[in-house]
Amino acid sequence: MSTSAIEAENKKLKETNEALINQIRVLAEKLKAGSSGIPYPLELVSGLRTLECPLGVMTDSYKAGHFLMYPEAKSMSAYGEFREPMKGMNDNRLVFYGIQYYIDNFVSRKWTVADIEAAKKFYSTHNAGYTPYKFPEDLFRKFVAENDGYIPVKIEALPEGSVIYVHTPVFIITASDEYSRLVTFLETILTMVWYPSCVATLSRYTKDAIKAAFDKSVDEELHWLLGSRLHDFGFRGCTCVEQSVLGGSGHLLNFDGSDTMSACYHTQFHLNKGKPVGSSIPATEHSVMTSWKTEEEAMLNEIEHYGEGIFACVMDSYDYENALNVVLPKVAEKKVAKGGSIVLRPDSGDPVEQVIKGLKAADKTFGHDVNKKGYKVIRGAAVIQGDGINYEVVKQILDKVLEEGYAAQNCAFGMGGGLLQKVNRDTMSFATKLSHITYADGTNRDVMKTPKTDSGKISLPGKFFVGRKISSDGKTNPIEVFPAEAAPASGYENVMKVYYDRAPKPTAETFDELRARVEKQWAEIPAKGDPITAALKDKCQRIIAEHRATK
């Protein structure tokens, strides 16, 4: 290759590199700005993660073809609901959480012509046999040109952290005119709110179980410890970082203990104006313990560095009972001299048995005091069980701890897979369904799914008034669902808020405010209730009868 050819090639590469650098700079500025104007620290920008695909394909395949299947309409409305309570709780409340994340990070993104071109290329081979798949290209191009790139729908939803009964509409999507046929295009993304809501609800039920043990055995002035009794150990078991943030922040609505730092950071700096939300303590792992020649050396080293505060030590690297009964007494003098508290962590064997062994060994080594309720409180030591933990096991352990005469504050729990992974959309049966249509000729029709083979999948018909009776004493009344045409004239407040209306509607609530909402509403709303009013039930029965009559 000649010198001139090499120079020309180098010049071309330089221009290409400069173009790429400019693209990265533009992307960096967008990421810094955040999805709703919330500034993102530069360290999050350095990775320059982008969406995996254009917004036009962020839905289930069949939804891309529904624009040709829906009838012509002036408007359509759809809603989302949890249809079943969490099993085994004798309670049909849940904590609604996560909608803001999905609206900010997906719904509120501007579409571009480049997005549509990328989607078009994909759809050109997406039909069976790698043939073209029809998608609403013209509608996409229309709102990119006429609505500044924002998808032209309206989304109303409950406030984050609302405590509700199953069958309460949690969001309502409304689309009008030619865009009516996009009413359920966003269903796939919005339905994902099931995940953070399930985690938040499971975490809340577990808090109830621990609180019940605190009420029996822990002095009232120490009930502040309740917030640290369930620790999120689930980060490493998540399928992706985003899952850890969503599930981990759902847990943080109820507790402040978490090792899932992605969620702690997100809630602190993006949702709580920098005010801390989650915390943890120094702790060894098996790799640390086995890196030393003896467990005694490993423990003495940890005590030297962290012994003045609270710290945890895993105890089953070799022989749990030997570590408790032989090694722990050897390091006790140095631990006591440092003045801190040690948290012993078993990580194998029967969870109930191992916790009790740990408490008894700590009691023998450090002694205890008896509190006002007659339960033993170990001096400067406790046990955390992080292996095999789920809601039922937490209750079993606490029952045995109290039976052995120890206060519940002596024990904490680390829940990983049981908290962030062992839930799915069927855990509380989330679904989104069309509920109302105004046809092109102006005719109104309330839409209702009524499958004969599964009455649990019946949907609610029409437009709704989702409201709460106004309380004179400041207490929270349960949310009730009325047909819109039968909405109370007075005495109720509409609890749905507009999160998006053909463009983003940023919220100013902090995570602390969401926590306070959960705490207050969970305490004040009865464990069991039915949000569906008599007027809406009558409407459902009337439509079901009409369906049967027209067969």
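Values below: every heavy atom of this structure, side chains too, minus hydrogens, waters and symmetry copies.
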Treating Thr476 as the side-chain partner and Gln521 as the backbone partner, does any N or O pair qualify as donor plus acceptor under 3.5 Å?
no
For Tyr62 and His66, take the angle between the two ring planes, folded into 0 to 90°, and tell me which bin it lands in: parallel under 30, tilted 30 to 60, perpendicular over 60.
perpendicular
Do Lys376 and Tyr406 form a cation-pi contact, if we require the NZ or CZ to be under 6.0 Å from the six-membered ring centre and within 45 degrees of the ring's axis?
yes
Go through the side-chain N and O atoms of Asp256 and Ser279 and say whether any donor and acceptor fall under 3.5 Å apart.
no
Please name the pair of heavy atoms, one in Pro351 and one in Asp387, separated by the smallest distance, quoted to 0.1 Å.
CG-O, 3.8 Å
Let's go through Lys469 and Glu493 carefully: what are the C-alpha distance in whole Å and the side-chain angles of both, what is the deciding distance for salt bridge (Lys or Arg N to Asp or Glu O under 4.0 Å) to 0.1 Å, and is it a yes or a no?
CA-CA 6 Å; Lys469 187 179 291 185; Glu493 61 175 337; over 6 Å; no
For Phe464 and Tyr79: C-alpha separation, side-chain torsions, deciding distance, then whether ring-ring contact (aromatic ring centres under 6.0 Å, His included) applies.
CA-CA 10 Å; Phe464 313 115; Tyr79 79 101; 5.2 Å; yes
Sub-4.5 Å side-chain heavy-atom contact between Glu221 and Lys372:
yes
Is a side-chain donor or acceptor of Thr59 paired with a backbone partner of Leu186 at a separation under 3.5 angstrom?
no
Mind listing the closest non-hydrogen atom pair of Asp259 and Phe235 along with its distance?
O-CD1, 4.4 Å
Is a donor on one side and an acceptor on the other found under 3.5 Å between the side chain of Arg229 and the backbone of Gln409?
yes
Quick one: are Val170 and Phe82 in side-chain contact, heavy atoms under 4.5 Å?
yes
For residues Ile310 and Val343, determine if any side-chain heavy atom of one lies less than 4.5 Å from a side-chain heavy atom of the other.
yes
For the side chain of Thr284 and the backbone of Val314, is there at least one donor-acceptor N/O pair under 3.5 Å apart?
yes
Short side-chain donor-acceptor distance under 3.5 Å, Gln268 and Asn272:
no
Which is it for Ser262 and Ser244 under the side chain to side chain donor-acceptor pair (under 3.5 Å) test, yes or no, and what are the steps along the way?
CA-CA 7 Å; Ser262 57; Ser244 74; 2.6 Å; yes
Would you say the side chain of Met428 lies within less than 4.5 Å of the side chain of Val166, judging by non-hydrogen atoms?
no
Sequence neighbours left out, what passes side chain to side chain donor-acceptor pair (under 3.5 Å) with Arg445? Give chain and number order.
Tyr439
Judged by atom type as modelled, is there a donor-acceptor pair below 3.5 Å linking the side chain of Asn410 to the main-chain atoms of Ala407?
yes
Whether over 12 other heavy atoms sit under 6.0 Å from Met261 CE
no
Electrostatic pair Lys505:Asp501 at N-O distance under 4.0 angstrom:
no
Residues passing the salt bridge (Lys or Arg N to Asp or Glu O under 4.0 Å) test with Glu84, sequence neighbours excluded, are Lys87
Please examine the side chains of Val277 and Cys264, heavy atoms only from C-beta on, and report whether any two atoms are closer than 4.5 Å.
no
Provide the full list of salt bridge (charged side-chain N to carboxylate O under 4.0 Å, His left out) pairs with a residue in residues 415-431, sequence neighbours left out, each pair given once.
none
Strictly distance-based, threshold 3.5 Å: is any side-chain N or O of Arg517 a donor or acceptor partner for the main-chain N or O of Gly161?
no
Tell me if a side-chain donor or acceptor on Tyr195 pairs with a main-chain N or O of Leu246 at a distance below 3.5 Å.
no
Asp530 vs Lys537, test: salt bridge (Lys or Arg N to Asp or Glu O under 4.0 Å). Steps then yes/no.
CA-CA 11 Å; Asp530 184 357; Lys537 287 179 180 177; 2.6 Å; yes
Please assess Tyr97 against Ser249 for the test side chain to side chain donor-acceptor pair (under 3.5 Å), listing each intermediate value before the final yes or no.
CA-CA 9 Å; Tyr97 174 68; Ser249 60; 3.1 Å; yes
Which heavy atom of Asn92 sits nearest to which heavy atom of Gly529, and what is that distance?
ND2-O, 2.7 Å
Side chains of Ile532 and Leu460 in contact at under 4.5 Å (non-hydrogen atoms)
yes
One thing to verify: whether Asp363 and Arg379 come together as a salt bridge, which I'm taking to mean a side-chain N less than 4.0 angstrom from a carboxylate O.
no
More than 12 non-hydrogen atoms from neighbouring residues, nucleotides or ligands closer than 6.0 Å to NZ on Lys497, yes or no?
yes
Donor-acceptor pair, Asn371 side chain versus Gly374 backbone, under 3.5 Å?
yes
Verify the distance criterion only: is there a donor paired with an acceptor across the side chains of Ser471 and Asp473 at less than 3.5 Å?
yes
Using the rule given for salt bridge (Lys or Arg N to Asp or Glu O under 4.0 Å), can you reason through Asp219 versus Lys373, listing the C-alpha separation, both sets of side-chain angles and the distance that settles it, and then say yes or no?
CA-CA 7 Å; Asp219 291 341; Lys373 295 183 177 180; 5.8 Å; no
Examine the side chains of Trp522 and Asn254 and answer whether a donor and an acceptor come within less than 3.5 Å of each other.
no
Would you call Glu160 and Arg515 a salt bridge, using N to O less than 4.0 angstrom?
no
Any Lys/Arg nitrogen of Lys400 or Glu404 sitting under 4.0 Å from an Asp/Glu carboxylate oxygen of the other?
yes
Tell me whether the rings of Phe255 and His251 are parallel (<30°), tilted (30 to 60°) or perpendicular (>60°).
parallel
Determine whether Arg204 and Glu519 satisfy the following criterion, salt bridge (Lys or Arg N to Asp or Glu O under 4.0 Å), listing intermediate values before the conclusion.
CA-CA 9 Å; Arg204 190 73 216 185; Glu519 200 69 32; 3.0 Å; yes
I'd like to know whether OH of Tyr391 has more than 12 heavy-atom contacts from other residues, nucleotides or ligands below 6.0 angstrom.
yes
Test item: Pro488 and Phe465 side chains (from C-beta on) under 4.5 Å apart, heavy atoms
yes
Apply the side-chain contact (heavy atoms from CB on, under 4.5 Å) test between Met415 and each candidate in Ile389, Val393, Asp232; give the one that qualifies.
Ile389
Can you confirm whether Ser77 sits close enough to Val183 that some side-chain heavy atom of one is under 4.5 Å from a side-chain heavy atom of the other?
no
Determine, for Glu485 against Lys539, whether the closest basic-nitrogen to carboxylate-oxygen distance falls under 4.0 angstrom.
yes
Closest heavy-atom contact between Val153 and Ala175?
CG1-CB, 4.0 Å
Relative to Tyr205, does Lys207 satisfy both conditions: NZ or CZ under 6.0 angstrom from the six-membered ring centre, and within 45 degrees of the ring's axis?
no
Flag for Tyr492-Glu480: side-chain donor and acceptor within less than 3.5 Å
yes
Passes ring-ring contact (aromatic ring centres under 6.0 Å, His included), Tyr165 versus His167? Steps please.
CA-CA 6 Å; Tyr165 296 124; His167 293 305; over 10 Å; no
Between the main-chain N or O of Gly257 and the side-chain N or O of Ser228, is there a donor-acceptor pair closer than 3.5 Å?
no
Check the surroundings of atom NZ in Lys211: do more than 12 heavy atoms from other residues, nucleotides or ligands lie under 6.0 Å from it?
no
